[in-house]
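This report concerns only the one structure given below.
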Amino acid sequence: MKKYNPLQIEKKWQKYWQQKKTFVAKDFSKNPKKYVLVEFPYPSGEGLHMGHLRPYIAGDIYSRFLRMKGHEVLYPIGWDAFGLPAENFAIKHHIHPSISTAKNIKNAKAQLESWGTSFDWSREVNTTDPDYYKWTQWIFLKFFEAGLAYEATGLINWCPKDKTGLANEEVIDGKCDRCGTVVVKKELRQWYLKITAYAEKLLEGLKNLPEWPEAVKLQQENWIGKSVGAEIDFGVIVRSAKGEVILSSRRHSERVQPSEESHPQSNKEILRPSDASGTQDDAMKIKVFTTRPDTIFGATYMVVAPEHPLVQNLESRIKNYGEVRKYIEDVKSETETQRTSLEKEKTGVELKGIKAINPATKEEIPVWVADYVLWGYGTGAIMAVPAHDERDFEFAQKFNLPITQVVRPQYVGTVLLLHGTNGNGKNNWFPWLSEKLSALGYKVISPDMNDQGTPDLNKRLKVLEKYKDEINENSLVIGYSLGAPTALQFLMKFNKKIRHLFLVAPTHPDMDWEWYRDNHADSPAEAIQKVSQASLDWEKIRDLVAGTTALFSDNDEHIPLSVKDLYERDMQANTVVLKNKGHFGTSSGLKELPELMDEIIDSAIASPVLAKASVEYGTLINSGKFSGLGSEQAIEKMAKEFGKLTVQYKLRDWVFSRQRYWGEPIPIIHCEKCGIVAVPEKDLPVKLPEVENYEPTGTGESPLAAIETWVNVKCPKCKGPAKRETNTMPQWAGSSWYWLRYIDPKDKKVFSDKKKQKYWIPVDVYFGGMEHTTLHLLYSRFWNLFLYDQGLVTTKEPYVLRKPHGIILAADGEKMSKSRGNVVNPNEVVKKFGADTLRMYEPFLGPHEMTVSWNDKGILGVRRFLDRVWVWANEVISSPHAKNNQGVKDTEKVEKALHKLIKKVTEDLENMRFNTAVSSFMEFHNEIKQDFITLDSLKTFLALMYPFAPHFCEELYSLFGNKKSLQEHEWPKYNPALVIDQTVDVVVQVNGKVKAKLSIKRDSSQDEVKAEALVVEQVKKAVGTSEIKRVIYVPNKLINLVI
RNA sequence: GCCCAGGUGGCGGAACUGGUAUACGCUACAGACUUAAAAUCUGUCGCCCGCAAGGGAUUGAGGGUUCGAUUCCCUCCCUGGGCACCA
C-alpha cells in the first residue's frame, strides 16, 4: 500500500481533469442547468487569501455535488483586475499595470488550481482585457443614451491619499473604503450614473427574491432608504428696514429651473433669481420635503442647508450676510464626521431681513441656515416643527424659537376595560365609558373573563394574552374591582408601557368572599396578594405608566383601609386619588362616577407642557379645519392641500468617474461645438494608452489628461478638434455585468448572447461576502435591471439565491492582518496538509454564514481522518473478499449506517450545511471501521465524500480499476426502509426528568412502553408509591410519567 | 439612538417542526507499541458533591408558558455587523 501523499495525487488529478475537460460547461445541454457563481477575485500581488477560500470551496463542493446529481453546471471564474494596487505598483516600479496584473493572475490561477477547484477555465474573463472592457464601455454608452449617465460638477467624496473621487457606497465611517484615509468633500466635475432613477425598482425587486437572506435584503432596503412625504413650497418675503414688504413671492411667483451644476445629485428643484443682478424679480420660494405635512401648522421657522443657493441669491437682502457667510465657511471647513456628529450642539444663524410664509398659518416665520440640515437629502431645506421633531426641538430651545404643539400625542389608541369577579353584568357604567372613549377615537376592548365566582388570575391573563399586541404606549387600561389587580398583573407580565391607568374600586364588597375564606385570606389585601399569585412590583408599575394613574375608591365603609392604603401608598407618584364619592359597583354610584371620570380623562388627555418633542402620530389640534384629524389621514390631505405627495430616497446617484489611470476609459469625447459626444460603437474599445507616468495629478484630473496624443481627437460628429474624456470608470464597473459574459465569453458581436442567456440565466446561487451588499451587489442589480429594460437581458433579477459567508478570523479571534502577524496562508496549508484536508477543514470550522476562527491544531484532526480512511480503504480493496465481490454483503450495521449517511449528506449539501456533512463522514467511519464493507459500499462512501475531497476520492476510486472520473458517478440514493431503525431507544422520564432508557420495538404502543418502563429499577424508585396522573408518550422517542 | 445576526464544556462547534443537551473535531490525561521520542493505536475527559453507587445545578442573566424549553413569549446584559442630524 502506498502512503497517502496528497501533493502527488492532487497534481495528478488536477492534470487529469484539465486534460479531460471534466468541468467544461456545455451550452444548451439537455440536462437541467445550474449556474453557480462566486465573486471573481482581484489578482493582487499577495495572491489569494482565506477570504477567497471560503466561498470558492463552498461553491466548488456545491458544483461538484450538482454535477453528480445530473445537472449541467456552470462554475466560472475570472479576474476583476482594474484597481489601485496595480496602479500604485506601476507608479513605484514603472511597470505597466497590465504586466504586473498578468503575473498576478498567473499566480492566482495556479493557487486556485492547487485548491482543486472545478472552474470552467474555458470561460475565464478579465475586466482589463480590451475585448472585455469594450463591452463595459458599450453598456456605459447605453446608460448615456438613456440619459442615465450624466456629467455634473458637484461636491463629492474625495480621498486625498488615493487622489480620486469616491462613490457614496465607498465611504465607510467617513473614511475611504480602500485605504482608510478620512474622506474630504471636493467640488469636481464628475460622471454620475443615475441609480436613483432605479431606486424604486431596486426596492421592489427585493420582494421577488424569496431565497435571499433577510439580512441582505434589509441592508439594501435601508441603504435605498425610501420615505414618503410631501414637497411644500414656502413663500419668501423680504422687508425693508422700515418693515415694508419690498419683495414677496406672492407678487412674483416665477420659477427657475434647477441648476445641474450646483446640485447634480438629485432632481430637486431649486429656485433661483432669473436675473443674476438680483433686483425686483427675486421672487422665490423655499421648497421643503417633509414626512410630516400634518404638522405644518406647527412650523414656526425654516432652516436651509449651508449649501443652499438661497443664501447667495439673497446676498443683498440678508442684513447679516457677513455673519451668515462666516458661518457657512466654518461649516465647510469641518469634516463630514465632525459635522454630522450627534453629540455636537446645534448651531445656526438666522437670515435677518428674510421671512418665510407658512402656507398653512399664513404667518411670517424666520429663516435660518444651519448645518443640521443636509444639502444632500430632500430639498436641502426644511420646515421646522419643534414640537414634533427632536432636532427642531433642540434647535428651537437653544435659539428661543416658538414651539407650537399641533398634534396631540396619540391618546387615540386602545383601551383595555377589565371587569371584576362577576363579569357577566360588566358594569353599568361600562357602556357609558365605552361610548365616551370611542367618541374620542379609542378602540375599546372589554374581554369577557367571566370567572364564575372563582377568580383565577392565570385564566384571566390567558384571555388577555391575545390582546397584548394591541396595548401600547398610547393605551388606557381601566380595571374595576378584581380587574384592578388583573390590570396590574397584565402590565407586569407583558411589560406593557401604557399612557394612563385607572383603577376603580379596586376591590368590592360583592366579591366572592367565600372563595377568599376557602383560600385562607383574612383581608382583601391578602386576597389580592393571593389572587395575584405574585407580589406586585410597584416601582415597575410606576415606570410602565407614563401619564396619570387615577384611583377611584369606594366609600370607606365598603372598602377596608388596608387595600386603599396599599394602592395609595405605592402608586402615589403620579396618582390622583378620589375617594368617598359613592359606591361605584352599583347603580347608586353610577351618577358620581361618570362625572369623576370625565374630569380625570379630560385632564389626563389635555396637552401637557412639552418637555421634549413628541414625534408620534396623533390627533391634530391648533390646525384650523384639519384639527381633529388623525395624523395618518392628515398627512395625505394636507400634503395635497399645501403641496404634493412625493417620495425621497437616501440613495445617491453613483459617482462613476475616477481620476486614475488603471480603469476603463469613459468613452466620451468633448467637442467645443457639439458638446458631449459618445464614442461611436465602431470605435470601441477606447483603449488605455501606454504611458510613462501613472502618477495621479491630485488636481482632480486623471493622468490620462497629460497624454496629448491620446486626448486630442476629432469630434465624431463634426470632425472638428475635440478632447477625450480623461476620467476612468470605478472598480465596480467591470463586475457589474461579468456573470453575463461568462455565458458567452468570446462573442465579438454582442456582450452576451440572449439565446445563451435563456439557457443559463439567472444565476442559481451567488456566493460572496456581506461587505458587498450595498456595493457590488446593489450595483450589479442596477445594471441588470437597466439592461433588462433595454431588452438586453432576459431576467429582471440576476441572482436567485445569495449566499453570504462569515469571515475567517485568526486563531486568536482577531481579524487576520499582516500587522498582527496572524495571517494563515492557504498555500502553506496546502503544502503542509494537502488541498483535500483544507477543503474538508474549512467547512468543518462552522456554518458557512457564521464568523469562525481558524485553528492550526484543528486541521490536524481532519488530516488524521483522511489518513485513517486511506488505510482503511486500501485494506478493504486489497482484502480477499474484494477479489470475488459477488454475493458478498455488507453487515447490517454498515448497510444501515451507509444509507443514513447518504440521506444526511444529501440533505446537508442541498441546504449547504457543509460543516455537519463533514462530521457525518467521521461518525460513519468511527462506527463501521471494524465491520465488513463491500467494495460497492466503499465506492458509495467515496462518491459522497468526493465533492469535499475530490483528489483523495478519485485516487482511491481508481484503485478499484475504475477508469472514469468519480465526477461522472451518479449521486448515491438511499433506501428509505434502511434509514428507519426497527429497534428504538425510548427515554423514560418521571416528571420531566430522565430516569432510564429503553431499547424497544419500533412503534410500540403507549401501554407496552409504560409497562416496560415501570419494571426499571430507577423508574420504580422515582415513582414510588405515587399515583401516575398523566402519561405523555411520544412514539419512538419518549415517555413521560407525571406523578 | 435605530435595524440585523449571534451568546451552548478548556476551545471550534452539534441538537430536524419544543422531546436523551454537549454529536464531530481540538486540547488534556492514562495506557499500548518503542532503547527513546514523534507518529500511530486503545481508553478517559463539561461543572459541583461523593471512594463508589448515585445525586444536584447547568445552553449570557432574570422571569413566564409547558408534563417537558438551547428551541416559544417578556425584560435585561454582552459581542459582531449595518445605518445614523435622512426632515
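So that the names make sense, note that chain A is the first sequence line, chain B the second, and so on, each numbered from 1.
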### Query
With rounding to whole Å, what would you report as the distance between B/rG1 and B/rU20 at their C1' atoms?
45 Å

### Summary
Quick note, A/T916 side chain, CB onward, closest among B/rG25, B/rA23, B/rA14 is B/rA14

### Task
Provide, to the nearest angstrom, the distance between the CD atom belonging to A/Q220 and the P atom belonging to B/rC4.
17 Å

### Distance between P atoms of B/rU71 and B/rG7 (Å, rounded)
11 Å

### Message
Would you measure the distance from the C1' atom in B/rG55 across to the matching atom in B/rC16 and give it in whole Å?
### Response
32 Å

### Message
Heavy-atom nearest nucleotide on RNA chain B for A/K815 versus A/N1040: which residue maps closer to 5'?
### Response
A/N1040

### Task
Would you indicate, yes or no, if B/rC26 has its OP1 or OP2 atom less than 4.0 angstrom from a side-chain nitrogen or oxygen of A/R864?
yes

### Message
Between the side chains of A/E907 and A/R913, is the shortest nitrogen-to-carboxylate-oxygen separation below 4.0 Å, so that they form an ion pair?
### Response
no

### Query
Taking CG from A/D371 and P from B/rC86, how many angstroms apart are they, rounded to a whole number?
13 Å

### Task
Calculate the interatomic distance between A/L901 atom CG and B/rA23 atom C1'; express it in whole Å.
14 Å

### Task
Identify whether any heavy atom of A/K993 sits under 4.0 Å from a base atom; if not, whether one sits that close to sugar-phosphate; answer base, sugar-phosphate or nothing.
sugar-phosphate

### Message
When you measure from the side-chain N and O atoms of A/N915 to the phosphate of B/rA14, is any distance below 4.0 Å, counting only OP1 and OP2?
### Response
yes

### Task
Just call it for A/W854: base, sugar-phosphate, or nothing, with non-hydrogen atoms closer than 4.0 Å on any strand.
nothing

### Message
Could you check whether A/F865 and A/F921 have their ring centres less than 6.0 Å apart?
### Response
no

### Message
Of the options B/rG25, B/rC3, B/rA87, whose atoms approach the side-chain atoms of A/Y377 most closely?
### Response
B/rA87

### Query
To the nearest Å, how far apart are A/I980 CD1 and B/rC16 P?
19 Å

### Query
Would you say the side chains of A/E169 and A/Y779 form a donor-acceptor pair under 3.5 Å?
yes

#### Entry: Residues A/Y841 and A/N855: side-chain donor-acceptor under 3.5 angstrom
no

## Note on the structure
Looking only at heavy atoms, the pair that brings A/I403 and A/P386 closest together is CG1-CB, 3.8 Å

### Query
Mapping A/K995 and A/D389 to their closest nucleotides on RNA chain B, which lands nearer the 5' end?
A/K995

### Query
Hey, is the side chain of A/K857 pairing donor to acceptor with the base of B/rU27 inside 3.5 Å?
no

### A/F844 side-chain proximity, nearest of B/rA23, B/rG12, B/rC67
B/rG12

### Message
I need the CG-P distance between A/L809 and B/rG6, as an integer number of Å.
### Response
17 Å

### Message
Need one value for A/E907: base, sugar-phosphate or nothing, where a base atom within 4.0 Å counts as base even if backbone is also close, heavy atoms only.
### Response
nothing

### Message
Mind checking if A/L1038 touches a base, just sugar-phosphate, or nothing, with heavy atoms under 4.0 Å?
### Response
base

### Query
Rounded to the nearest Å, what distance is computed from the CZ atom of residue A/R863 to the P atom of nucleotide B/rA39?
14 Å

### Message
By the 4.0 Å heavy-atom rule, please label A/D392 as base, sugar-phosphate, or nothing.
### Response
nothing

### Interatomic distance at C1', B/rG54 relative to B/rG6, whole Å
38 Å

### Summary
chi for B/rG63 classified (syn = within 90 degrees of 0, anti otherwise) as anti

### Task
Go through the steps to decide whether A/E394 and A/R391 satisfy the test salt bridge (charged side-chain N to carboxylate O under 4.0 Å, His left out), and finish with yes or no.
CA-CA 5 Å; A/E394 199 190 319; A/R391 296 148 301 175; over 6 Å; no

### Task
Write down the distance separating the P atoms in B/rC47 and B/rU22, rounded off to the nearest Å.
14 Å

#### Entry: Rounded distance in Å between the P positions of B/rA61 and B/rC24
26 Å

### Task
Please work out which of the three classes, parallel, tilted or perpendicular, describes the rings of A/H925 and A/W872, given edges at 30° and 60°.
perpendicular

### Sugar-phosphate, base or nothing in reach of A/S227, heavy atoms under 4.0 Å
sugar-phosphate

### Message
Does B/rU42 have its OP1 or OP2 closer than 4.0 Å to a side-chain nitrogen or oxygen of A/K929?
### Response
yes

### Message
Students often get this wrong, so: under 4.0 angstrom with heavy atoms, is A/D867 touching a base, only sugar-phosphate, or nothing?
### Response
nothing

### Message
From CG of A/D856 over to C1' of B/rU27, roughly how many Å is that when rounded to an integer?
### Response
14 Å

### Query
With a non-hydrogen cut-off below 4.0 angstrom, is A/V987 in contact with a base, only sugar-phosphate, or nothing?
base

### Query
Which value, in whole Å, describes the distance between the C1' atoms of nucleotides B/rG81 and B/rC26?
28 Å

### Query
What is the nucleic acid contact for A/G858, judged by heavy atoms within less than 4.0 Å: base, sugar-phosphate only, or nothing?
sugar-phosphate

### Selected nucleotide, minimal atom distance to A/V852 side chain, candidates B/rG13, B/rG19, B/rA87
B/rG13

### Query
With respect to the side chain of A/L374, which nucleotide from B/rC24, B/rC4, B/rC86 is positioned closest?
B/rC86

### Query
Can you check the A/K1037 NZ to B/rC67 P distance for me, whole Å?
20 Å

### Query
What's the closest nucleotide to the A/T291 side chain, out of B/rC67, B/rU20, B/rA87?
B/rA87

### Query
Which value, in whole Å, describes the distance between the C1' atoms of nucleotides B/rC4 and B/rU40?
48 Å

### Task
Check whether NZ of the Lys or CZ of the Arg A/K346 lies under 6.0 Å from the centre of the six-membered ring of A/F395 and within 45 degrees of that ring's axis.
no

